[in-house]
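Inspection log for the structure reproduced underneath, given as C-alpha cells.
Letters go in sequence order (proteins before strands), and every chain restarts at 1.
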There are 2 protein chains.
Amino acid sequence: MEVKNNIRRLRFEKNQMTQQQLADAAGVTRQTIIAIEAGKYSPSLTLAFKVAEAFGVPIENVFQYEQQGGE
Amino acid sequence: MEVKNNIRRLRFEKNQMTQQQLADAAGVTRQTIIAIEAGKYSPSLTLAFKVAEAFGVPIENVFQYEQQGGE
DNA sequence: GTGTAATGTAAAGAATACTTTACATTATGT
DNA sequence: ACATAATGTAAAGTATTCTTTACATTACAC
C-alpha cells in the first residue's frame with residue numbers, strides 16, 4: 001500500500017513552480033518537498049492539505065492511495 | 001491551522017460503526033482512532049486515506065483543513 | 001572559464017505519529 | 001448484583017515524519 005503523488009507535474013503546470021517556492025507556500029523545507037515528491041515518506045495530513053492548497057486543488061488531485069502488490 | 005474531522009459522525013452514519021471496527025478497517029489500533037477523533041494528533045496521509053476508504057468517501061469528507069486564529 | 005539557480009543525496013537530530021498496556025467510566029442485558 | 005461491550009485517559013516505547021546541515025550535480029547566462 002503506497003501513496004503516490006503528482007507534485008512534480010503540478011509544479012510544472014503552475015508556472016514551473018520550483019521546489020523552494022512550493023516549500024515556502026506549504027511552510028516546510030525544500031528537503032521535505034524533495035523527500036515527499038520522491039516518495040521517501042508519506043506526508044502528514046496537515047502537510048498534504050497545505051501542499052494541495054498551494055496548488056489550489058483537492059488532496060486527491062495531488063496524492064493517490066494505491067494498493068500495492070499482487071493483490 | 002488545524003485539521004478537523006467528522007469521524008464520529010461518519011461512524012454513526014455507517015451502521016453505528018464502533019471505534020474498534022473502524023480501527024480494524026483502517027489497520028490501526030483503537031487508541032489511534034480515539035486520538036485522531038479527538039484531534040490529539042494529525043494522522044499521516046496514508047492513514048487518512050485508509051480511514052476515508054473505510055467510510056467509502058473522499059478524504060475531504062472526513063477531514064477539513066481550517067485556518068485557525070484571528071487571521 | 002565563473003557565477004547563480006535548481007535539483008539531488010545523505011545523515012543526524014528533533015518532533016510527531018502510532019503502538020502497547022493498563023485502568024476507568026458508562027451503558028446494556030440478565 | 002455480575003458480565004460484556006463501548007468509550008475514554010494516561011504513559012512509556014517505537015516508528016515515522018520533518019528539520020538542519022553539508023555536499024554534489026546539472027543547467028543556464030555571461
A/E13 meets the side chain to side chain donor-acceptor pair (under 3.5 Å) criterion, sequence neighbours left out, with A/R9

Sorted by chain and residue number, the side-chain contact (heavy atoms from CB on, under 4.5 Å) partners of B/N61 (sequence neighbours excluded) come out as B/V57, B/P58

By side-chain contact (heavy atoms from CB on, under 4.5 Å), B/S44 pairs with (sequence neighbours left out) B/T46, B/L47

[X] [atom1] to [N] [atom2], straight-line distance once rounded to whole Å:
X: A/K50; N: D/dT19; atom1: NZ; atom2: C1'; value: 14 Å
X: B/R30; N: C/dT21; atom1: CZ; atom2: P; value: 14 Å
X: B/I34; N: C/dT25; atom1: CD1; atom2: C1'; value: 12 Å

Would you find a donor on one side and an acceptor on the other, under 3.5 Å apart, between the side chain of A/Q20 and the backbone of A/R30? no

Do [X] and [Y] have side-chain heavy atoms sitting under 4.5 Å apart?
X: A/Q64; Y: A/N6; answer: yes
X: A/I36; Y: A/V51; answer: no
X: B/Q31; Y: B/Q19; answer: no

- Message: When you measure only distances, ignoring hydrogens and angles, does the side chain of A/Q31 come within 3.5 Å of the base of C/dT9 through a donor and an acceptor?
- Response: yes

ask   = On a plain distance test, is the side chain of B/E37 in donor-acceptor contact with the base of D/dT7 below 3.5 Å?
value = no

Are A/Y41 and A/I34 co-members of a hydrophobic cluster defined by side-chain heavy atoms under 4.5 Å apart?
-> no

Nucleotide by nucleotide, nucleotides 12-18 of chain D touches protein heavy atoms under 4.0 Å in the pattern (B base, S sugar-phosphate only, - none) -----SB

Contact summary for [X] and [Y], nearest pair of heavy atoms:
X: B/F49; Y: A/F63; result: CZ-O, 3.5 Å
X: A/E37; Y: A/R11; result: OE1-NE, 3.0 Å
X: A/I7; Y: A/F55; result: O-CZ, 3.9 Å

Rounding to the nearest 10°, end axes of the helix from C/dG1-D/dC30 to C/dT30-D/dA1 built from five pairs each make an angle of 40°

Under a 4.0 Å heavy-atom cutoff, the residues of residues 4-25 of chain B touching DNA chain C are none

